[in-house]
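Just so it is clear, the model here is predicted, and its values are computed rather than measured. In listed order, ligands and their atoms are each counted from 1.
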Amino acid sequence: VLSKGGETLTEDLDDYRSRAQSVAEPAAWDYLAGGAGAERTLAANVAAFRGATVVPRVLVDVSAVETTVEVCGTRLAAPLGVAPVAYQRLWHPDGEAATAAGAAATGTLMIASMFSSVRYEQIAAAGGSRWLQLYVLRDRAILLDLVTRAEAAGFTALVVTVDTPRLGDRRRDVRNSFAIPPHAQSQNIDPATMALAGIPAPGGSALASHVDATYDPGLRWSDLEWLAERSGLPVVLKGILDPADANRAVDAGAAGIVVSNHGGRQLDGAIATLDALPAVAAAVAGRVPVLFDGGVRHGVDILVARALGADVVLVGRPPIWGLAAGGAAGVTGVLSRLRAELELAMALAGRPRLTDLDPAIIRRAPR
Ligand SMILES: Cc1cc2nc3c(=O)[nH]c(=O)nc-3n(C[C@H](O)[C@H](O)[C@H](O)COP(=O)(O)O)c2cc1C
């Protein structure tokens, strides 16, 4: 049994997941759990970790395990962050405020979604380290306004998501004619801009209509240079899978990148993120931090991703399982559990420092 600060952590992530599913409204659960198309990439993200094993060393002094890191000026207790997830009041009345409180309590990075259902200023009130994620809308004035607000509220970096020129074909949302109910709508962007997200489109996804109407599908590298120049905050690009794009991102002034396929929610058939990571990390070659998400469900997954080149690992769905199951305490439970599992895995692998983790300790089975 793992413990943290004298408190026993009996529940693991699967327990939080089942509790979350039993309390969530079915369409909101499908929106959380689902991916695009046949959900091949969603499954591949998790399968890639199953196919990666660690070769432990023995008789190493592991009486102290060291997990702290710094990323883009943000100091963290562990190489762990909460990935941006939109509309969190779908799963708990406290929404993003509770997620931020759980992240702050555990020294975890909180990346708030542009489409938060709680005001950014209220997320900031939870304390802790916070970054804000943005999509580039056709209306650039909205973007610049949000950048100003983020700076004022003490968000210390911007994460621009670049894998969503259109929305992936999320079959479950289409089947459910899913739309964002009034209680979970965005509290940060004017209602006219957000209107389509809340209007059920029978036989379709309201989110897809919203994305078609508001996101800029013509976004190019020069737009990102424009934003990086205008923002006083570091700009991190989320959704990079190709080493050439990683290079391009660094040239365009990105302060970091996130290796991500959006949790299998965009291109179904896209490469699993763990499979993409080594080549992207090699291309970046330490010039900027490499963040990673997709399929991380155990502490040892964080160890594996670190060894294959990630500086910081993000989790998307797991904190929401904690949120739905138990509000801020549930988020704290999930994040403490992941950190305790990471520390145990590092000790049992005979690698007590993050710098001990490199590709040579991982074996990957062909799938
Ligand atoms: C319900 C849901 C909503 C999401 N909303 C956003 C978002 O607003 N912005 C964004 O960049 N990514 C969003 N993502 C993607 C996550 O940030 C992250 O890339 C993905 O969930 C990581 O995979 P994991 O869930 O397997 O950890 C969302 C994911 C989920 C499951």
Side-chain angles (χ1 to χ4, degrees), residues 13 16-17 20 24-25 27-36 39 41-49 80-92 95-96 99 109-118 120 123 131-137 146 158-165 167-168 170 172-173 178 180 184-186 188-189 194 197 205 207 210-211 214-215 236-241 257-267 270 272-274 276 291-298 301-302 305 310 312-324 334-335 338:
L13 268 59
Y16 283 104
R17 186 183 188 281
E25 197 272 314
W29 176 258
D30 273 347
Y31 169 61
L32 176 67
E39 302 187 339
T41 295
L42 173 67
N45 282 348
V46 173
F49 280 102
L80 179 62
V82 173
V85 168
Y87 311 112
Q88 294 184 13
R89 294 190 69 214
L90 283 169
W91 303 287
H92 191 277
E96 291 81 356
T99 307
L109 173 65
M110 164 80 184
I111 308 181
S113 166
M114 174 180 199
F115 298 121
S116 291
S117 55
V118 162
Y120 304 141
I123 296 172
W131 296 3
L132 183 66
Q133 175 269 331
L134 299 170
Y135 290 104
V136 179
L137 304 188
L146 296 187
L158 301 174
V159 177
V160 177
T161 302
V162 291
D163 59 14
T164 312
L167 201 72
R170 311 199 183 149
R172 301 195 203 201
D173 294 349
F178 184 63
I180 305 301
Q185 281 169 12
S186 159
N188 294 284
I189 298 165
M194 297 307 301
S205 153
L207 290 176
H210 161 68
V211 168
T214 56
Y215 291 26
V236 173
L237 296 191
K238 174 172 182 278
I240 303 281
L241 294 168
I257 60 162
V258 187
V259 175
S260 173
N261 54 31
H262 216 113
R265 299 161 75 83
Q266 285 297 101
L267 174 63
T273 45
L274 194 68
L291 292 87
F292 170 94
D293 73 26
V296 173
R297 302 291 179 262
H298 302 278
D301 299 343
I302 305 173
V312 169
V313 172
L314 309 177
V315 279
R317 294 174 181 88
I320 306 301
W321 301 338
L323 175 69
V334 163
L335 297 174
L338 280 171

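With Y135 as reference, T164 is the one residue of T164, V160, V162 to meet the side chain to side chain contact (heavy atoms under 4.5 Å, CB included) rule.
Near ligand 1, residues Y31, L32, A83, P84, V85, A86, W91, S113, Q133, Y135, T161, K238, S260, H262, G263, R265, D293, G294, G295, R297, V315, G316, R317 each place a heavy atom inside the 4.0 Å sphere around the ligand atoms.
The shortest side-chain heavy-atom distance between I189 and L146 falls under the 4.5 Å cut-off.
A donor-acceptor pair under 3.5 Å is absent between the side-chain atoms of N45 and the main chain of L42, judged by distance alone.
Residues N261 and T273 have side chains that never bring a donor and an acceptor to within less than 3.5 angstrom of each other. A donor atom on one side chain and an acceptor atom on the other are not found under 3.5 Å apart for S116 and Q88.
Between Y215 and F115, the two ring planes are parallel [angle under 30°; tilted spans 30° to 60°].
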